[in-house]
Amino acid sequence: MIILEQLFHLRANHTSVRRELIGGLTTFLAMSYILAVNPELLGSAGMSKTAVFTATVLAAMVGSLLMGLVANFPVALAPGMGLNAFFTYTVVQEWHIPWQTALAGVFVAGILFILLTLSKLRDKLINLIPSALKYAVSAGIGLFIAFSGLQTSGIIVADKSNAVALGNLHNPTVLLAIFGIIVGVMLVTANVTGGIFWGMFITAAVGMIFGIIPLPTGIVSAVPSVQPIFGQAVTHLGDINSLQMVIVILTFFIIGLFDTSGTLVGVATEAGMVDQESGEVKGVGKALFSGALATTLGSIFGTSPTTAYVESTSGVAVGARTGLSSVFVALLFAVAAFFSPVLTVITSAVTASALIIVGILMLSNVQYIDWTKFEIAVPAFFTMIMMLLTYSISEGLAVGFIFYPITMTVKGRWREVNALMWTMMVVFILYFAFVA
């Protein structure tokens with residue numbers, strides 16, 4: 001206990017081992033879907049699905065351990081959604097780049113992350129984001145993950161006429177998700193400790209009782225070998241010899257940079273880790289370095305870029321405030337490597353309630369944005385709405401960064417816009433023009 005106090009400063013952060021454990025378990029359950037989704041996606045790129053499963057476990061373990069022990073941040077890491085889709089559908093299938101070479105591109109992007117972090121420029125980037133945009137990022141991520149929960153559970157579906165529509169309310173899986181949301185909302189409203197986690201637990205149990213969620217086919221299984229994909233990122237560095245690969249690397253770098261940064265800002269805001277006077281995120285430098293190193297190591301294991309998970313906010317919502325929760329997440333991923341059959345009960349219908357409830361909680365940050373000042377309201381609004389409508393944290397950030405210098409200048413407040421914000425406006429314009 002003394003060692004844990006020295007490592008994570010539990011008392012100073014007004015938390016306990018029990019709260020961190022519940023927070024870590026909640027975060028793990030909310031993000032455990034990646035263990036099934038990542039192998040499926042990268043398998044479509046021609047990679048061994050079983051090897052990718054193990055690589056996903058290793059990347060999540062190492063990334064979360066780094067975030068917990070080095071940065072003392074309540075954020076878990078794993079191969080990022082969106083980035084894995086870009087890896088498979090664009091880089092490999094559309095551009096016909098071998099998956100081995102694509103992994104080499106991820107490795108180089110990770111090295112760029114590390115160099116940028118060591119130069120402190122990435123640290124400054126986060127701390128120089130205006131407070132209004134930080135709160136908009138937090139609220140935008142809330143909208144993003146709430147919509148994700150509604151979509152993956154089938155409550156909201158794609159529609160040719162209106163883009164989205166209400167799903168089939170007669171579908172048992174959809175009904176189970178709605179049940180989970182109601183139960184979770186009731187528990188959180190009643191201030192039940194760990195209400196989000198217990199809501200998911202009850203939903204999974206009911207799903208199995210009524211046959212909506214299949215019972216696990218086994219309990220323990222051997223950990224698959226990662227050998228078919230391990231180290232391919234390094235041995236194929238020599239294949240990076242085209243302009244197309246430069247674009248691949250820059251895309252991994254830019255999207256990974258702002259997905260991780262945006263998530264860290266959102267989670268830090270939710271956890272009260274943003275200094276009220278300076279607007280700076282406490283300990284962001286080490287957190288960013290941890291994320292950069294995790295991406296590099298993850299590519300060696302054999303997976304697409306590793307990033308901070310917005311689902312970490314579910315752990316923060318139930319009390320996680322230190323890196324101990326991230327360490328617990330890492331340990332749970334290690335256990336999951338041996339008990340993969342059991343994870344089949346953690347479906348999108350089970351995690352929907354956590355994502356939606358956390359999204360609601362994160363939206364409270366809009367109260368700190370001065371909506372009476374139009375020059376502030378515009379970039380904040382576009383940051384939030386574009387994260388939702390583009391289904392991309394990075395693109396929502398980009399639009400907000402572009403609008404902020406414009407509206408502030410027109411209002412005559414251009415002196416308040418720092419050089420980095422001007423630079424990022426240009427970078428994002430170029431990103432939309434030539435990469436997106």
Side-chain angles (χ1 to χ4, degrees), residues 30-31 33-34 37 40-41 44 80-90 93-94 133 136-182 184-185 251 254-255 258-259 262-263 266 307 309-311 313 347-363 365-366 369 371 377-403 428-429 431-436:
M31 66 186 288
Y33 63 83
I34 194 62
V37 175
E40 188 67 26
L41 277 175
S44 298
M81 291 296 295
L83 289 166
N84 50 12
F86 172 74
F87 181 103
T88 295
Y89 300 125
T90 301
Q93 293 188 0
E94 184 179 342
L133 287 185
V137 166
S138 179
I141 291 175
L143 288 171
F144 178 89
I145 63 175
F147 181 71
S148 176
L150 290 167
Q151 184 189 50
T152 57
S153 63
I155 297 175
I156 296 295
V157 297
D159 182 80
K160 292 182 179 179
S161 301
N162 302 312
V164 294
L166 190 64
N168 180 8
L169 299 185
H170 299 286
N171 185 311
T173 301
V174 174
L175 291 175
L176 178 64
I178 293 173
F179 168 80
I181 294 168
I182 294 173
V185 166
T251 302
I254 292 173
I255 297 178
F258 290 99
D259 270 353
T263 300
T307 187
Y309 260 61
V310 293
E311 284 84 355
T313 51
T347 65
S348 57
V350 175
T351 59
S353 63
L355 298 178
I356 293 166
I357 292 170
V358 169
I360 295 171
L361 295 173
M362 292 188 70
L363 274 174
N365 286 298
V366 298
I369 300 171
W371 295 102
V378 168
F381 169 79
F382 275 112
T383 297
M384 294 163 53
I385 198 69
M386 294 306 287
M387 280 187 187
L388 178 64
L389 298 182
T390 65
Y391 208 67
S392 170
I393 293 172
S394 59
E395 291 182 3
L397 271 171
V399 175
F401 270 58
I402 291 171
F403 267 105
F428 278 127
I429 290 175
Y431 166 72
F432 282 123
F434 298 106
V435 180

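In this structure, L150 and V164 have side chains that are not in contact, with every pair of non-hydrogen atoms separated by 4.5 Å or more. The closest side-chain heavy-atom distance from L397 to M386 is not below 4.5 Å. Taking 4.5 Å as the limit, every side-chain heavy atom of L41 sits out of range of all side-chain heavy atoms of F87. Contact of the L143 side chain with the M384 side chain is registered, since non-hydrogen atoms from C-beta on lie closer than 4.5 Å. Within the 4.5 Å cutoff, the side chain of V399 has no heavy atoms near those of the T390 side chain. With a 4.5 Å cut-off on side-chain heavy atoms, N168 and V157 do not count as touching.
I357 and G184 make their closest contact through CD1-C, 3.4 Å (heavy atoms, listed as atom of the first residue, atom of the second, distance). Closest approach of A352 and A177 over heavy atoms only: CB-CB, 4.4 Å. In terms of heavy-atom proximity, L133 sits nearest to G400 at CD1-O, 4.3 Å. Nearest heavy-atom pair, A165 versus D159, reported as atom, atom and distance to 0.1 Å: CB-CB, 3.7 Å.
Considering L361, T351, I181, V185 in turn, I181 is the only one that fulfils the side-chain contact (heavy atoms from CB on, under 4.5 Å) rule with I356.
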Task: side-chain contact (heavy atoms from CB on, under 4.5 Å) assessment of T263 paired with T307 - done: CA-CA 9 Å; T263 300; T307 187; 5.5 Å; no
- [ ] Apply the test side-chain contact (heavy atoms from CB on, under 4.5 Å) to residues N84 and I34: give CA-CA distance (whole Å), side-chain angles for both, the deciding distance (0.1 Å), then the verdict.
- [x] CA-CA 10 Å; N84 50 12; I34 194 62; 4.0 Å; yes
- [ ] Give the C-alpha distance, both sets of side-chain angles, the deciding distance and a yes or no for side-chain contact (heavy atoms from CB on, under 4.5 Å) between V137 and M387.
- [x] CA-CA 9 Å; V137 166; M387 280 187 187; 4.1 Å; yes
TODO: Tell me, with the steps shown, if W371 and V366 meet side-chain contact (heavy atoms from CB on, under 4.5 Å).
DONE: CA-CA 9 Å; W371 295 102; V366 298; 4.2 Å; yes
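L166 contributes atom CG, which lies 8.5 Å from atom CD1 of I155 (distance to the nearest 0.5 angstrom). The CD1 atom of I178 sits 8.0 Å away from atom OG of S153, with the distance rounded to the nearest 0.5 Å. Within the model, atoms CZ of F144 and CG of L355 stand 10.0 Å from one another, a figure rounded to the nearest 0.5 Å.
Relative orientation of the F401 and F428 rings is perpendicular, given thresholds of 30° and 60° on the angle between their planes.
A distance-only check finds a donor-acceptor pair linking the side chain of S348 to the backbone of T152 [under 3.5 Å].
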